[in-house]
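The structure appears right after this line, and notes come after that.
Atoms considered below: every heavy atom in the structure, side chains included; atoms not considered: hydrogens, waters and symmetry mates. Bear in mind that the values here come from a model prediction, so they are computed numbers and not experimental data. In what follows, residues are counted from 1 in the order of the sequence shown.
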Amino acid sequence: AKEAGASTPALAVANYSLAYRTAAGPFQALKDVTLAIPRGRTLGLVGESGSGKTSLAWAALRYLPANAVEGGGSILLSGED
């Protein structure tokens, strides 16, 4: 495995979209999310209930439920998908 350099963000999300399949049709949870968290830094996400905070965390950890549909973009942890 390659070692990530100091300039590589700890977490980099680029144009990431995510939807959930539901009985009423697709529910768009995230649309074109982009962010980067440098190594050694902390980011707090704040938003209303249902705004996608937990969906983004689950996506970053690759812990998505079976009804999740990724719609594009990328999530890199220490430079790796």
Side-chain angles (χ1 to χ4, degrees):
K2 65 181 177 185
E3 196 171 315
S7 64
T8 302
L11 177 67
V13 180
N15 303 107
Y16 185 78
S17 295
L18 178 74
Y20 293 104
R21 287 185 301 272
T22 72
F27 173 77
Q28 188 76 42
L30 303 170
K31 184 175 180 184
D32 295 326
V33 175
T34 298
L35 62 86
I37 304 173
R39 295 181 172 288
R41 300 299 299 262
T42 303
L43 173 75
L45 287 177
V46 178
E48 295 180 22
S49 178
S51 65
K53 302 175 301 289
T54 300
S55 290
L56 180 59
W58 283 352
L61 296 171
R62 297 294 188 229
Y63 189 68
L64 293 170
N67 68 327
V69 179
E70 294 180 289
S74 64
I75 298 178
L76 302 177
L77 184 59
S78 296
E80 295 194 25
D81 188 357

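To the nearest 0.5 Å, atom CG of residue Leu18 and atom NZ of residue Lys31 are 13.5 Å apart.
The shortest non-hydrogen separation linking Pro38 to Ala36 is CD-O, 3.7 Å.
Tracing side-chain contacts under 4.5 Å through hydrophobic residues (I, L, V, M, F, W, Y), one never reaches Leu76 starting from Leu43; they form parts of separate clusters. Cluster membership for Leu30 and Phe27, using ILVMFWY side-chain heavy atoms within less than 4.5 angstrom, is shared. Side-chain heavy atoms closer than 4.5 Å link hydrophobic residues (I, L, V, M, F, W, Y) into clusters, and following such links, possibly through other members, connects Val33 to Tyr63. Put simply, Leu11 and Leu64 are part of the same group of oily side chains (I, L, V, M, F, W, Y) that touch within less than 4.5 Å, one to the next. A continuous path of hydrophobic side-chain contacts links Leu45 to Ile75 [ILVMFWY only; heavy atoms under 4.5 Å].
Listed by first then second residue, pairs satisfying salt bridge (Lys or Arg N to Asp or Glu O under 4.0 Å) with a partner in residues 10-24 number zero, not counting sequence neighbours. Listed by first and then second residue, the side-chain hydrogen bond (donor to acceptor under 3.5 Å, both in side chains) pairs that reach into residues 10-19 are Tyr16-Glu70, sequence neighbours excluded.
Side-chain contact between Arg62 and Asp81: present, with at least one pair of heavy atoms (C-beta onward) separated by less than 4.5 Å. By the 4.5 Å heavy-atom criterion applied to side chains, Ser78 and Arg39 are counted as neighbours.
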